[in-house]
2 protein chains.
Amino acid sequence: MTYAIGDVAEKFNLSISTIRYYDKRGLLPFVSKNKSGHRAFTDSDLKMLYTVCCLKDTGMSIEHIRDYISAVMAGDTTIDDRIAMLKDHRETILRQQAVLQESLAEIDLKLENYQAPDAHTFVQKEVAYVNQEKARAGLKKPFQVKR
Amino acid sequence: MTYAIGDVAEKFNLSISTIRYYDKRGLLPFVSKNKSGHRAFTDSDLKMLYTVCCLKDTGMSIEHIRDYISAVMAGDTTIDDRIAMLKDHRETILRQQAVLQESLAEIDLKLENYQAPDAHTFVQKEVAYVNQEKARAGLKKPFQVKR
DNA sequence: ATAAAACCTAAACCATGGTTTAGGTCAAGG
DNA sequence: CCTTGACCTAAACCATGGTTTAGGTTTTAT
């Protein structure tokens, strides 16, 4: 009928202490405790936790998640607040997606260069150019990092 | 011919202290200093910094970025290492994209529910169901968060 | 020539998001 | 019944990624 914290930790791939930490920070006010003081998660609680994880995984801060959950707990008078928060956060997710996309493009470009047949020549020419640019600006070659 | 740290900070939307911090952590060994000890960024340096930012923006730790940059500085004998690191990181970016996608779907679902004409009824029924589930499990209603 | 703005280092400080430890209580199997 | 594993809280601890401060030097504009 209910799940203990260990079950939930496993299902969600969170550590037990992370779940307790979330609870302490006000992210899980919906979780009840049984007579002996153990947290007892219902299926609805798991759905709410899933939402919490979605917000966390997309970079929402614990404080903001708390505000959202707090609105949920306050009942149907806060629907407009929730919509506003979710719409805001939706925008930040779209921005993150754009950033990932752009960075992935750069990384793929590097990979193409490095995997090309002429990669060694390419890299050597690049190094030469960089050094030339430094020389033109009257700068010494930077420290060569030892490995 | 070269850019001062302030120019670079503005161009990349980083704080000056972040750039210095990156340098201290070994992310910018390619940046030379002029006779008076000021950092002088060439155009090539900006390209390298762009790569650093792409790695940072996609969640690579400073330590791993340092390892990558250190391989770049070591010359064309480390091309295979670089390929391995970039391929690894590429996988983590794809995982991040999947996570964002999935979480965005959940958030969009919530938004649809909340923006539906029957949102209030929907929410009220949900609350009723959650409480019923707690009751069935012999649990008290959880603390209602005050706002 | 001088003041203000921009740069420098080193080191202390801080916010966030946990994890670990200590000292217990509870529950399920032998 | 009694031990072992799972749970509890409170509080200390930690890693990461910066930011801020203090005490200077350098460049630039007047």
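Just so it is clear: chains get the letters A, B, ... in the order the sequence lines come, proteins before strands, and each one is counted from 1.
Under 4.0 angstrom from either OP1 or OP2 of D/dC7 there lies no side-chain N or O belonging to A/S36. Within the structure, every side-chain polar atom (N or O) of A/T18 is placed at least 4.0 Å from both OP1 and OP2 of C/dG17. Note on A/R39: every side-chain N or O is 4.0 Å or more away from OP1 and OP2 of D/dC7.
Side-chain proximity of B/A4 to D/dT26, D/dC7, C/dC7: nearest is C/dC7. Considering only the side chain of A/Y21, C/dG18 comes nearest among C/dA27, D/dT26, C/dG18. Taking only side-chain atoms of A/S15, from C-beta outward, the nucleotide of C/dT19, D/dT9, D/dT26 with the closest atom is C/dT19. With distances taken from any side-chain atom of B/R20 to the nucleotides D/dC7, C/dC8, C/dA11, the minimum falls on C/dC8. Here C/dG18 is the nucleotide among C/dG18, C/dC8, D/dT9 with the atom lying nearest to any side-chain atom of A/K56. Residue A/H38 places its side chain closer to C/dC26 than to any other of D/dT9, D/dT26, C/dC26. Minimum atom distance to the side chain of A/S61 is reached by C/dG17, of the listed C/dG17, D/dC7, D/dT27. When distances are taken from the side chain of A/S17 to each of D/dG18, C/dT19, D/dC8, the shortest belongs to C/dT19.
Between A/K33 atom NZ and D/dA6 atom C1' the separation is 15 Å, expressed in whole Å. To the nearest angstrom, C1' of C/dT9 lies 12 Å from CD1 of B/I5. One interatomic measurement links the two molecules: CD1 of A/I65 to C1' of C/dT16, which rounds to 12 Å at whole-angstrom precision. Rounding to whole angstrom units, CG of residue B/N34 and P of D/dT26 are separated by 10 Å. If you take OH of A/Y3 and P of D/dC7, they are 15 Å apart, rounded to a whole angstrom. In this structure, B/Y22 places its OH atom 20 Å from C1' of C/dC8, rounding to the nearest Å. The separation between B/K24 atom NZ and C/dC8 atom P is 13 Å, rounded to whole Å. Separating the CG atom of A/L55 from the P atom of C/dG17 is a distance of 13 Å, rounded to the nearest angstrom.
Under 3.5 Å, the side chains of A/S70 and A/R66 contain no donor-acceptor pair of N or O atoms.
With a 6.0 Å radius and a threshold of 12 heavy atoms from other residues, nucleotides or ligands, A/Q124 has its CD atom above the threshold. Within 6.0 Å of CG on B/D118 lie more than 12 heavy atoms contributed by other residues, nucleotides or ligands.
Electrostatic pairing of A/D45 and B/K134 counts as a salt bridge here, judged by a charged N lying under 4.0 Å from a carboxylate O.
Looking only at side-chain heavy atoms (C-beta outward), A/L94 and A/E91 come within less than 4.5 Å of each other.
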